[in-house]
Chemist: 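Quick one: structure below, then a few questions.
A quick note: this is a predicted structure, and the numbers were derived from the prediction, not measured. A note on names: the letters A, B, ... follow the listed sequences, proteins ahead of strands, and every chain is numbered from 1. Computed over heavy atoms, backbone and side chain alike; hydrogens, waters and symmetry mates excluded.
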Amino acid sequence: MPLAIYISRRLAYMLVALFGVSLVTFVVTRVLPGNPAYLIVGAMADESTVAAVVERLGLDQSIYEQYVRYIRQLLSGDLGDSWRTSNPVSVDIGARWPATIELGSTALVLALAWSVPFGILSALRRRSLSDRLANAVSGLGVSIPEFWLGLILLLIFFGTLEWAPAPIGRTLGEVPAHTTGLYTIDAILARDWEAFKAAAAQLILPASTLALVVGAPLLRVTRGFMRETMASHHIRSARALGIPERSIVLRHALPNVLLPVSTMVAIMYGYLLGGTVLVEFVFAWPGIGKYAIDSIAASDSIPVLAAVLLSAITYLFVYLMMDVLHFVIDPRTRT
Amino acid sequence: MTATADGQAPAVSKPPRRRARAAGRLLRRPAFVVLLLIVLIALFGPFFLGDPLELGPDTLAAPSMQNWFGTDQFSMDIFTRVVHAARLDLLVGFIAAALAVLAGMPLGALAAYRGGAFDTLLLRVSESLQAFPTLLLALGIVTALSPSIPVLVMIIALVNVPVYLRLTRSAVQPLVNADFVLAARCAGKGQFTILRRHVLPNVSEVVFAQFSVNVAWAIQILAALSFVGVGVKLPTPEWGAMVRGGADYMIYGQWWVALFPGLAILATVLTLNQVADEIRHGS
């Protein structure tokens, strides 16, 4: 199957999924009991405001017409307004997404750095000390409440050792010149090493918390596939040919493992980019997740649902990119 | 069911002695024993302890012989509250996971068995639901409804249904054309009877392992929702809400307020996940 056909077919799937996703958020806002106009303007609003919202959303029309109107608004980039910040939600989210991207990407890099090598090592040496350690760490990582882990890290590295800065989000004395919105990258681009150090210091604890949580399933998947691969016929053949163990692992086994692991990586990255509510909340990190929480606290539901919708779309998009990448590098998917 | 005349082995349930032996085997699994212990503590612990809302003489007292886990900012005893909270957390986790199984397992089996448009539709719906980050989706729904415990249970169950649907579907699919299923079909059994009596018993192990994981997950979601302030509210004893209550004190040295309820979550979730591993690898 040529690439173009594959991509268009996957895009079609994604459109179906997007339809489902939009239906879910639509149902949540409109079909649930209660007048959605109050959800939008808050319970304190006077009657004329409510009437205006009813008019704008077409709440007096049929559900079907309401849905069409909702989709049309979404397509024109209108996610509604937040009455808490009195900005359009798209503006608010645009301002906060770089923080989430910076945190999520750093966390993913850290997670990959510890989990994949560790997973491979533990698969190669079954029942060894490192295998047992990997088992314990991944078991803990899967089970630990991430908000609590964040608090524990704060207790140790801020409260006790005083190595890390206070959990006050991304607050630099002087924000580096805005290029990407990722403070660490901007600081490097501006060759402002002081700012880089400050930005990295604020990033390290929340990113480590996430890296531990996200790394645990990655470790398990890596270990599982690595064990499977090492027991396969082509590895046995390679051994029989007398190929050194090192090259068997790196050149014969690893490529077969990294491919399925990358699917898991995509799932995790999609999750991280959609805003990690709990960790952003603990560290007051001003990303999408914290935006959603702050809006909930103010009973401002439009930004919450917009964040929900956007993170689902991000997830689907990252997943699509990974599928396309697989298609390009793995000939087996092309049948 | 009775034995047939031609001496064919009847499909009877396990005889009692084998059942007792199965129970004995369960007790030799460490995680299962720990889980049993946690459930017993949740059931009977509160009878031996005082009122979880009772105020003591000191606020934020460090752990001591009187207050094993210390006291919180309202001077309530944290040990008492952690034990009391086990009831709510386990109950919500269990009911939510059970509802999710009850909805997801039959739907998944039916989807695999019938195939076609029905299958495709259910699969697409669950994929759409799974594209949402669980916690954010739950948050979105909670904001639209006002949070109460039944609502929280329903939401946690809802976000878990696709998991069972897809799991059961993939477990049932290879069985759809198995000889014993075809035989049952030839015998003129209806599709629900076939699914219930012949197909689902074969996938129950996978589903039970997932159930244990799911109770754990449900507890994590409940705790997370309470932690961000949309789930259970203080002073109701609930682990996530208690961690939230102690979060601000963590960095000022009163670590015990948030530490112990968090440890309770970790211990319970870890145990449930281990039990799932034991179900998968054992027997």
Chemist: With chain A as the partner chain, list the residues of residues 218-228 of chain B whose heavy atoms fall under 4.5 Å from it, by residue number, and write 'none' if nothing qualifies.
Modeler: Gln220(B), Ala223(B), Ala224(B), Phe227(B), Val228(B)
Chemist: Let me confirm one number: the CG-OG distance from Leu137(B) to Ser311(A), rounded to the nearest 0.5 Å.
Modeler: 9.0 Å
Chemist: Just how far is it from atom CD1 of Ile293(A) to atom CG of Leu136(B), taken to the nearest 0.5 Å?
Modeler: 8.0 Å
Chemist: Do other residues, nucleotides or ligands put more than 12 heavy atoms under 6.0 Å from the CZ atom of Phe158(A)?
Modeler: yes
Chemist: Applying salt bridge (charged side-chain N to carboxylate O under 4.0 Å, His left out) as the test, list every pair that has at least one member in residues 285-294 of chain A; sequence neighbours left out.
Modeler: Lys290(A)-Asp294(A)
Chemist: Can you pull out the residues in residues 255-263 of chain B with any heavy atom less than 4.5 Å from chain A?
Modeler: Trp255(B), Ala258(B), Leu259(B), Gly262(B), Leu263(B)
Chemist: With rounding to the nearest 0.5 angstrom, report the CD1 to CZ distance, Ile265(B) to Phe147(A).
Modeler: 4.0 Å
Chemist: Atom CG of Leu151(A) and atom CE of Met250(B): how far apart are they, to the nearest 0.5 Å?
Modeler: 5.0 Å
Chemist: Checking Leu316(A) against chain B: side chain, backbone, both or neither under 4.5 Å from a heavy atom?
Modeler: side chain
Chemist: With sequence neighbours left out, what residues match Arg10(A) under side-chain hydrogen bond (donor to acceptor under 3.5 Å, both in side chains)?
Modeler: Asp323(A)
Chemist: Above 12 or not: heavy atoms from other molecules or residues under 6.0 Å from OH of Tyr13(A)?
Modeler: no
Chemist: Which bit of Leu270(B) comes within less than 4.5 Å of chain A, counting heavy atoms only: side chain, backbone, both or neither?
Modeler: both
Chemist: Answer with side chain, backbone, both or neither: which region of Phe19(A) has an atom nearer than 4.5 Å to a non-hydrogen atom of chain B?
Modeler: neither
Chemist: Quick one: which of Val304(A), Ile296(A), Leu154(A) has the most heavy-atom pairs under 4.5 Å with chain B, could you say?
Modeler: Ile296(A)
Chemist: CG of Leu140(A) to CG of Leu266(B): how many Å apart, nearest 0.5 Å?
Modeler: 6.0 Å
Chemist: Would you find more than 12 non-hydrogen atoms of other residues, nucleotides or ligands less than 6.0 Å from Met154(B) atom CE?
Modeler: no
Chemist: Considering only heavy atoms and a distance below 4.5 Å, find which of Ala247(B), Gly229(B), Gly246(B) pairs most often with chain A.
Modeler: Ala247(B)
